[in-house]
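What follows is one structure encoded as structure tokens, with my remarks underneath.
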Amino acid sequence: MTPRYEPHEIEQKWQRVWEDEGAFRAPNPVQSEPTAENHWYQLEMLPYPSGPSLHMGHVLNYTMGDVQTHVRRRSGWHVVRPMGWDAFGLPAENAAIREGRHPRETIERNIETMRGQMKRLGWAIDWEREVSAHQPTFYRWTQWLFQQFVANGLCYRREGPVNWCPNDQTVIANEYVVDGRCERCGAEVELRNMTQWYMRTTAYADELLEYPGAEWPEKTKAIQRNWIGRSEGAEILFRVEETGEDLAVFTTRPDTLFGATFFALAPEHPFVNAHASEEAKEYARHAGARPVEERAAATTKTGVFTGFHAVNPINGERLPIWVSDFVLMDYGTGAIGGVPAHDERDAQFAETFGLPVVPVIDDEGRLINSERFDGLPSEEGKRAIVAALEQEGRGKPTVNYRLRDWSVSRQRYWGCPIPFVHCEKCGVVPVPEQDLPVILPDIEDYAPKGRPPLAANEEFMAVHCPQCGGPARRDPDTMDTFVDSSWYFLRYIDSHNDEAPFDRFVVDYWLPVSQYIGGIDHSTGHLLYSRFFVKAMNDWGMVGFREPFARVFHQGWVTLGGTKMSKTKGNVEGPDQVVDAYGADAVRLYILFMGPADQDMEWTPDGVEGIVRFLRRLWRIVHEVAERPPADDAREAALARKANETIVRVTDDVLRRFQFHTPISAMMELVNELSGAVDAPDARFAAETLVSLIQPYAPHVAEELWGVLGHERLWEAPWPEADESQLVRDTFELVVQVNGKVRDRFEVDASLDEDALVARARESERVRSYLDGGELRKTIVVPQKLVNFVV
RNA sequence: GCCGAAGUGGCGGAACUGGCAGACGCGCCGGACUCAAAAUCCGGUGGCCUUCGGGCCGUGUGGGUUCGAUUCCCACCUUCGGCACCA
């Protein structure tokens, strides 16, 4: 008599066993011993513990990683699969503010809940490696690394315009300003001038366009390419007639230089303030104050003549210098040569102010009105003109980037303190290594108020300068959370090391991450920053690789009501209810069965029933098979072949195609076939294969059924391998077409040669009726598949 | 405007290398079991036509290549994502 399928009992039972045995612990290699060749670092982006629960998007993500982990482990790979918490930062702090509690309390409670949910879903995580960004044992090394960046000239302080979120009361990075608004809270961002720490990401701008040894989705690379915005062109010097000074211009179209009819400066350009007429300065003050968004949205161009003229170095032409807000100070040099004939914006400007238009490229893309360069194709013209200017020291080829350095100072409390002190005598001085970490003090009033909350804490702020011993002040800002997440994947590998952030030997063994799973929304942020970190560390000799993530996969969004589940939108659905109702195995199977993992999917629990039916069916059938005495020599039938085919499909889909929903379909097919043949001699083989294949998806029920079949420890049993000999078919279904349309199909012997197949096809009554009366022009035979007659 | 992805039944989707379109599941319809229901099991389920043998149409639209196209090529439409007064 088959017992009832009771998921909760089974799941608790096996989770306890795995925990007691440390089943999913992955020991690090030891330098003196040989290391495994097949190693796999499975990583999914770590969660923010800012909400009180995981949501179904997390469930999708981590279940995918889990299936990959189990299949790799059982296929003989040494797999590490860690987990941790992105505990610092705005989302966590804002959640705490809403609750009226200290951020530490909120996030530590959330971490506990989420960890419990993860364990309840049975994910194979090596919990020994767990880290959280807010622990001093972690952020000590974030601070240490920060100092390394400074020491190596890749992190620096400067004053400049920054994006200020008036709602969150802090500076935010360019990468997290979307359409002029704060990516987190949606408030319109203001420009402010402040002194801030920056990571010099631009130092690697060119290299970030290359992905040595890393297979990334084209889409992600395109997003990063757009963001870096490399463009090749030339820098050209125009002399100001009245003052004799040179103004540089960046252009991607030096071939149109003869068409320049005016010269324009950004309102913020220093020349404007130094020389321009009062009217022009007045314009610049107003225009410069308008947000860029608004400037871009304006339909007509505005501007004021400065009273000065620039000399075009290629032909000596005298151009009026204007100031206009369509020229941007932070791209190129903040100055342009206006060519109305070949640039849409310049054309609008020229039209508004009645400036001349001189075409210099004809319909065939050749230069005209360009003196000795006439007739050259545009591309050649570019090179020739730049070369000519270079001879006279008036121009040179240049590359420009859209990428800006990453601003990392935040005027908020809940983050990693910046390990520098400000001394009036010595300047900005690093906190000595032996004094790290600079502990984030527990303060009562951490609410944002426009100046960093730590600044009000005298106990924290007042220090002695490490260099001269005189009075000094700590840096009251904290770091952007993305600094923490730029290296956490390295700390997992050596999370208990208290002498260094990590040991290079173990990190070089595991890294780069074999498979990284996470949202595509991090393409221009976290994924770019992490690459920057690793390239820098590689240059300093800290790591032996140059890319952090060998393969990247982006899951689709799990949506509710059409929008991505997120706390800010309030449409979060956690796993607890469904797990209560159906068990973890059903939830794991269902979230993956919903559709291709890289596409968005609307969450609805409606289909879970189908999965539960499937599990109950599996449960009953495996019990039925187990009750029958095992047959000898049981592998020579259709069921065995189906089982072998299923092994091939599941393995190929998970390991090569990274596809998780089709293997479930394949296993359902096998269950359907087995359900009608529990007495077949190969039924036991089919049942064992099935249970073994489903283990990565539904590890608890699989383990239980493995026991029913008389075995144990499925989680470490070898992954099934298909028996090639059983995949061979003696017969196949021959499809017979006439003019490409299927007219008949029947089983034939697989050994028949082409002539024999044609002969068999001709014998078909149905086919004959279509062949009669026509002239046979061609016969196409596809071995093992079809015969097509063309009449 | 530039760059990238996608469009298949009532729904989620499958078809990997050009070779039987719609696997698998949901939903729906019918049947068995039952006093009844749930659960379970069996069968059906793209559209139109049918003399019930089958026939025709069908993968966003229009063309093309091919014996044969969901798959390749060209043009277009729609949706989604990235960049964007970036010179």
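Values below: all heavy atoms of this structure, side chains included; hydrogens, waters and symmetry mates excluded. Quick note on labels: first sequence line is chain A, next is B, and so on, each numbered from 1.
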Between [X] and [N], is there a contact of a side-chain N or O with OP1 or OP2 at under 4.0 Å?
X: A/Arg657; N: B/A15; answer: yes
X: A/Arg613; N: B/C26; answer: yes
X: A/Lys785; N: B/G19; answer: no
X: A/Asn226; N: B/G81; answer: no
X: A/His661; N: B/G12; answer: no
X: A/Arg617; N: B/C41; answer: yes
X: A/Gln348; N: B/C85; answer: no
X: A/Arg225; N: B/G4; answer: no
X: A/Arg620; N: B/C41; answer: yes

Pick base, sugar-phosphate or nothing for [X], based on heavy-atom distances below 4.0 Å to the nucleic acid.
X: A/Glu218; result: nothing
X: A/Val327; result: base
X: A/Ile223; result: sugar-phosphate
X: A/Gln659; result: sugar-phosphate
X: A/Asp325; result: base
X: A/Arg616; result: sugar-phosphate

Any sub-3.5 Å donor-acceptor pair from [X]'s side-chain atoms to [Y]'s backbone N or O?
X: A/Asn163; Y: A/Val189; result: no
X: A/Asp405; Y: A/Thr201; result: yes
X: A/Thr333; Y: A/Ala248; result: yes
X: A/Thr306; Y: A/Ile321; result: yes
X: A/Tyr697; Y: A/Pro663; result: no

Atom [atom1] of [X] to atom [atom2] of [N]: distance rounded to whole Å?
X: A/Asn739; N: B/C67; atom1: CG; atom2: P; result: 11 Å
X: A/Glu268; N: B/C85; atom1: CD; atom2: C1'; result: 13 Å
X: A/Phe660; N: B/G13; atom1: CZ; atom2: P; result: 17 Å
X: A/Gln224; N: B/G81; atom1: CD; atom2: C1'; result: 15 Å
X: A/Ile611; N: B/G13; atom1: CD1; atom2: C1'; result: 13 Å
X: A/Gln599; N: B/C11; atom1: CD; atom2: P; result: 15 Å
X: A/Trp322; N: B/A87; atom1: CH2; atom2: C1'; result: 18 Å
X: A/Ile621; N: B/C41; atom1: CD1; atom2: P; result: 8 Å

Side chains of [X] and [Y]: is there a donor and an acceptor less than 3.5 Å apart?
X: A/Trp557; Y: A/Gln599; result: no
X: A/Thr302; Y: A/Tyr283; result: yes
X: A/Asp600; Y: A/Thr559; result: no

Residue closer to the 5' end of RNA chain B, A/Thr662 versus A/Asp343 (nearest nucleotide)
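Closer to the 5' end of RNA chain B: A/Thr662.
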
For A/Ser231 and A/Ile664, take the nucleotide of RNA chain B holding the closest heavy atom to each; which residue's nucleotide lies nearer the 5' end?
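Nearer the 5' end of the strand: A/Ile664.
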
Is the shortest side-chain N to carboxylate O distance from [X] to [Y] below 4.0 Å?
X: A/Glu609; Y: A/Arg613; answer: no
X: A/Asp255; Y: A/Arg383; answer: no
X: A/Lys785; Y: A/Glu733; answer: no
X: A/Arg394; Y: A/Glu235; answer: no
X: A/Arg230; Y: A/Asp206; answer: yes

For A/Tyr211 and A/Trp216, take the angle between the two ring planes, folded into 0 to 90°, and tell me which bin it lands in: parallel under 30, tilted 30 to 60, perpendicular over 60.
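A/Tyr211 and A/Trp216: tilted rings.
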
Quiz item: A/Glu344 side-chain donor-acceptor pair to B/G1 base, under 3.5 Å
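In this structure, the two groups form no donor-acceptor pair.
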
Kindly state whether the ring of A/Phe593 and the ring of A/Phe614 have centres lying under 6.0 angstrom apart.
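No, ring centres 6.0 Å or more apart.
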
Between A/Phe263 and A/Trp322, is the gap from one ring center to the other below 6.0 Å?
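Here the rings of A/Trp322 and A/Phe263 have centres that are no less than 6.0 Å from each other.
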
Specify the residues of residues 600-610 of chain A, ordered by number, for which at least one heavy atom lies under 4.0 angstrom from an atom of RNA chain B.
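The answer is A/Gly610.
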
Go through residues 248-255 of chain A and report each residue with a non-hydrogen atom lying under 4.0 Å from RNA chain B, sorted by number.
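RNA chain B contact set from residues 248-255 of chain A: A/Phe250, A/Thr251, A/Thr252, A/Arg253.
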
Selection from [options] that lies nearest to any side-chain heavy atom of [X]:
X: A/Lys219; options: B/G4, B/C86, B/A23; value: B/G4
X: A/Leu328; options: B/A87, B/A23, B/G19; value: B/A87
X: A/Arg402; options: B/C67, B/C86, B/G25; value: B/C86
X: A/Arg345; options: B/A87, B/G19, B/G12; value: B/A87
X: A/Val782; options: B/G19, B/A87, B/C20; value: B/G19
X: A/Pro596; options: B/C20, B/G25, B/A14; value: B/A14

Output all residues satisfying salt bridge (Lys or Arg N to Asp or Glu O under 4.0 Å) with A/Arg616, sequence neighbours left out; order by chain, then residue number.
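A/Arg616: no salt bridge (Lys or Arg N to Asp or Glu O under 4.0 Å) contacts found.
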
Going by side-chain contact (heavy atoms from CB on, under 4.5 Å), A/Thr524 matches just one of A/Ile228, A/Ile223, A/Asn226. Which one?
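Result: among A/Ile228, A/Ile223, A/Asn226, A/Ile223 is the only option passing the side-chain contact (heavy atoms from CB on, under 4.5 Å) with A/Thr524.
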
Could you write out each protein N or O paired with an N or O of nucleotides 54-58 of chain B at a distance under 3.5 Å?
| unit_1 | atom_1 | unit_2 | atom_2 | d |
| --- | --- | --- | --- | --- |
| B/G54 | OP1 | A/Arg766 | NH2 | 3.4 |
| B/G55 | OP1 | A/Arg743 | NH1 | 3.3 |
| B/G55 | OP1 | A/Tyr770 | OH | 3.0 |
| B/C56 | OP1 | A/Arg743 | NH2 | 3.3 |
| B/C56 | OP2 | A/Arg743 | NH1 | 3.3 |
| B/C57 | OP2 | A/Lys741 | NZ | 3.1 |

Could you provide the dot-bracket string of RNA chain B, using ( ) for intrastrand pairs, [ ] for crossing pairs and | for bases paired to another strand, with Watson-Crick or G-U pairs below 3.5 Å?
(((((((..(((......[....)))((((((.......))))))((((....))))..(((((..]....))))))))))))....

Is there any protein nitrogen or oxygen under 3.5 Å from a nitrogen or oxygen in nucleotides 28-34 of chain B, and what are the pairs?
none

Using the rule given for side-chain hydrogen bond (donor to acceptor under 3.5 Å, both in side chains), can you reason through A/Ser675 versus A/Arg617, listing the C-alpha separation, both sets of side-chain angles and the distance that settles it, and then say yes or no?
CA-CA 8 Å; A/Ser675 77; A/Arg617 236 170 138 207; 3.2 Å; yes

